[in-house]
There are 2 protein chains.
Amino acid sequence: MDLRVLRYFCAVVHEGHFGRAAARLGIAQPPLTRQIQKLERDLDVLLLHRVHKRFEVTQAGQLLYERALRLLAGADQAQLDVRRASSGEMGRFTVGFVHSTAFTILPSVIGRFRQAYPDVQLEVREMHYNNLVPALEGGSVDVGLLRPHINSRVLQIVTLIREPFMALVPVGHRLANQKATSLRQLANEPFVLFSRTGSPLIHMHVMQMCLRAGFTPATIQLADQIHTVAGFVGAGMGVAIAPSTITSFNFPGLRCLHITDRVEPLPMAMAWRQGKATVLIRNFAKIARAAAAAWRPTVPPA
Amino acid sequence: MDLRVLRYFCAVVHEGHFGRAAARLGIAQPPLTRQIQKLERDLDVLLLHRVHKRFEVTQAGQLLYERALRLLAGADQAQLDVRRASSGEMGRFTVGFVHSTAFTILPSVIGRFRQAYPDVQLEVREMHYNNLVPALEGGSVDVGLLRPHINSRVLQIVTLIREPFMALVPVGHRLANQKATSLRQLANEPFVLFSRTGSPLIHMHVMQMCLRAGFTPATIQLADQIHTVAGFVGAGMGVAIAPSTITSFNFPGLRCLHITDRVEPLPMAMAWRQGKATVLIRNFAKIARAAAAAWRPTVPPA
DNA sequence: TTGTTTTAATACCCAATAGGTATCGATATG
DNA sequence: CATATCGATACCTATTGGGTATTAAAACAA
């Protein structure tokens with residue numbers, strides 16, 4: 001009982017006439033008759049009640065007709081979906097992201113991807129950097145959006161955007177009414193610094209830019225999260241240097257100043273396992289690049 | 001993309017090994033390899049990512065695997081159900097019945113049939129006799145339970161039960177305290193009679209038995225339905241002769257007496273179109289006969 | 001009533017496809 | 001380093017699908 005014979009049977013029932021059914025199927029009438037006869041022998045069931053050179057469909061035949069229509073439709077749909085899966089229009093995969101990417105390009109990338117590929121099941125999962133990298137390497141996450149600070153032989157890493165830094169000072173600070181500052185002007189200030197363990201990449205960038213400006217930040221407080229840093233500065237504990245994302249939030253007691261020195265911006269990237277770039281991942285990467293190209297750092301509030 | 005090749009593909013994915021899959025399918029490994037390759041060419045989709053002499057299932061392949069499992073299961077189920085339909089274990093048909101059969105064997109027949117063939121969709125439809133016969137002849141009803149009073153060349157009619165008649169007299173009537181009466185004792189009584197158009201068979205039986213007893217019933221009132229007849233008698237309008245079914249109801253003001261004369265009982269039958277006795281109908285008829293054999297006329301209340 | 005048409009089935013035959021065996025080549029394994 | 005493993009290829013046979021010609025009996029039209 002194969003799909004080809006079921007298709008023949010459906011044509012016969014639908015037409016009510018072997019000759020017309022054969023014509024519709026593109027075969028001659030005698031082989032069609034034989035195929036239906038063989039189907040009945042194989043099933044050991046009479047599907048057509050012959051009344052001389054005409055027939056009526058039996059109840060078993062009617063049941064088979066209904067089932068066969070469903071099977072054939074299912075097969076056609078499967079064929080279509082397999083092709084769509086092959087071209088990345090269907091399927092499922094997991095994107096892991098770190099906290100800070102949620103405020104830059106993640107929303108745009110996910111939004112564009114879901115719109116472009118509505119039939120792809122995309123699971124978006126927030127993860128700490130220390131968990132994301134092993135998950136990527138182990139295959140439980142397919143793509144990561146993260147701030148890269150290691151070189152990995154296992155992962156393919158593609159930088160998407162570079163985010164500038166800004167100086168954060170509390171309201172009332174002597175620099176608070178300026179739009180910009182040099183790093184030198186922050187040299188003798190108490191510093192709220194991103195910790196080396198909590199945000200290693202930001203820590204490294206801030207330390208390097210200060211050293212290049214000729215001073216070591218006088219660290220009065222360490223913090224992991226950008227919100228924590230901003231909160232301390234807003235409370236008057238000191239100044240900080242943070243990615244411009246911070247300006248997305250209107251923290252009370254905070255002023256954000258451009259840095260006039262030429263400082264290296266902070267990269268954000270996507271990553272996947274080398275040699276495991278499926279069509280879905282390649283499509284995602286393409287959309288992520290387009291979203292990144294359209295991204296602009298946030299303009300600080302007036 | 002036929003079921004045979006889908007079965008091959010599922011075996012390959014399930015086993016993760018062409019050789020073991022071939023063994024499980026009962027064919028050699030090379031034709032299996034060629035069949036899968038042909039499937040991929042036909043679909044123009046890579047289903048298996050070959051890594052030297054091993055493979056990984058692609059996402060498209062995984063999707064096809066899931067769909068194929070469903071299609072194969074659907075086909076197996078269809079095969080099973082077609083065979084069950086062929087033997088009358090599945091299918092659907094319509095039983096039409098006239099009002100009076102509902103109080104004799106209809107409940108038992110329907111109950112027994114539904115129990116014996118739970119997967120048959122049985123539609124039970126009450127119909128007036130004048131509509132039931134054309135419906136049987138036209139094919140919109142498959143089996144009828146009715147009181148037969150015509151010979152039909154189109155219908156096959158099989159008597160199931162024969163129901164005795166009883167005399168109905170109002171409470172207070174001179175015969176009310178007897179358990180039985182002869183027809184002769186009713187000769188000069190006013191009669192509530194089943195009408196010739198509303199219940200032709202009962203009308204004919206009652207007229208015949210009275211004529212054989214030597215009198216014509218003095219009809220004071222005609223009625224179509226057995227309930228109407230019983231109501232009139234209970235109201236004191238006269239006496240009546242009715243099928244013993246009437247004793248199933250405790251009508252106020254009514255006494256039911258056996259008839260001591262030898263009178264021809266009232267037949268009830270099933271009918272279907274000649275030459276259209278499907279397996280379902282034959283199964284139904286068998287069960288109807290068994291239910292009829294177990295049926296006993298209602299015992300009048302003490 | 002008669003001649004013609006219609007229709008699924010059968011007989012005979014050819015073409016296409018499924019499946020078998022032997023073997024290969026490159027990697028994995030012991 | 002020798003051997004085993006594994007899917008793929010080459011060559012071949014067996015089986016099945018499909019074609020044409022024809023049949024027989026009912027339906028249809030004149």
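Residue numbers start from 1 in every chain, and the chains themselves are labelled A, B, ... in the order their sequence lines are given, proteins ahead of strands. All values below were derived from every heavy atom in this structure, side-chain atoms included, with hydrogens, water molecules and symmetry-related copies excluded. Since we're looking at a predicted model, the values are computed, not measured.
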Looking across every strand, which nucleic acid part, if any, lies under 4.0 Å from A:Arg4 by heavy atom: base, sugar-phosphate, or nothing?
sugar-phosphate
note: B:Lys38, atom NZ; C:dG19, atom P; distance rounded to Å ~ 12 Å
Rounded to whole Å, the OH-C1' distance (A:Tyr8 to C:dA8) equals 17 Å
Between P on C:dT17 and CG on A:Asp2, what's the gap in Å once rounded to a whole number?
15 Å
Counting only heavy atoms not in B:Arg92, do more than 12 sit closer than 6.0 Å to its CZ atom?
no
Rounded to the nearest Å, what distance is computed from the NZ atom of residue A:Lys53 to the C1' atom of nucleotide D:dA27?
13 Å
Value rounded to 0.5 Å, distance of OG1 in B:Thr33 from CZ in B:Phe18:
4.5 Å
Report yes if a side-chain nitrogen or oxygen of A:Arg50 is closer than 4.0 Å to either non-bridging phosphate oxygen (OP1 or OP2) of C:dA8; otherwise report no.
no
Starting at the 5' end of DNA chain D and moving along, which residue's nearest nucleotide shows up first, B:Arg20 or B:Arg34?
B:Arg20
Of B:His17 and B:Pro31, the one whose closest nucleotide on DNA chain D sits nearer the 5' end is B:His17
B:His52 side chain near C:dA28 phosphate (N/O to OP1/OP2, under 4.0 Å)
no
Main-chain N/O of A:Ala277 paired with A:Arg282 side-chain donor or acceptor, under 3.5 Å
yes
Regarding B:Gln37, tell me which of base, sugar-phosphate or nothing describes its non-hydrogen contacts under 4.0 Å with the strands shown.
sugar-phosphate
Between P of C:dC24 and CD of B:Gln29, the distance in whole Å
15 Å
Considering every strand and a 4.0 Å limit on heavy-atom distances, what is the contact class for B:Arg54: base, sugar-phosphate, or nothing?
sugar-phosphate
Is there a donor on the side chain of B:Gln35 or the base of C:dA18 sitting less than 3.5 Å from an acceptor on the other?
no
Which whole-number value in Å describes the distance from B:Ile27 CD1 to C:dG19 P?
5 Å
How close or far is atom C1' of C:dT6 from atom CZ of A:Phe55, stated in whole angstroms?
14 Å
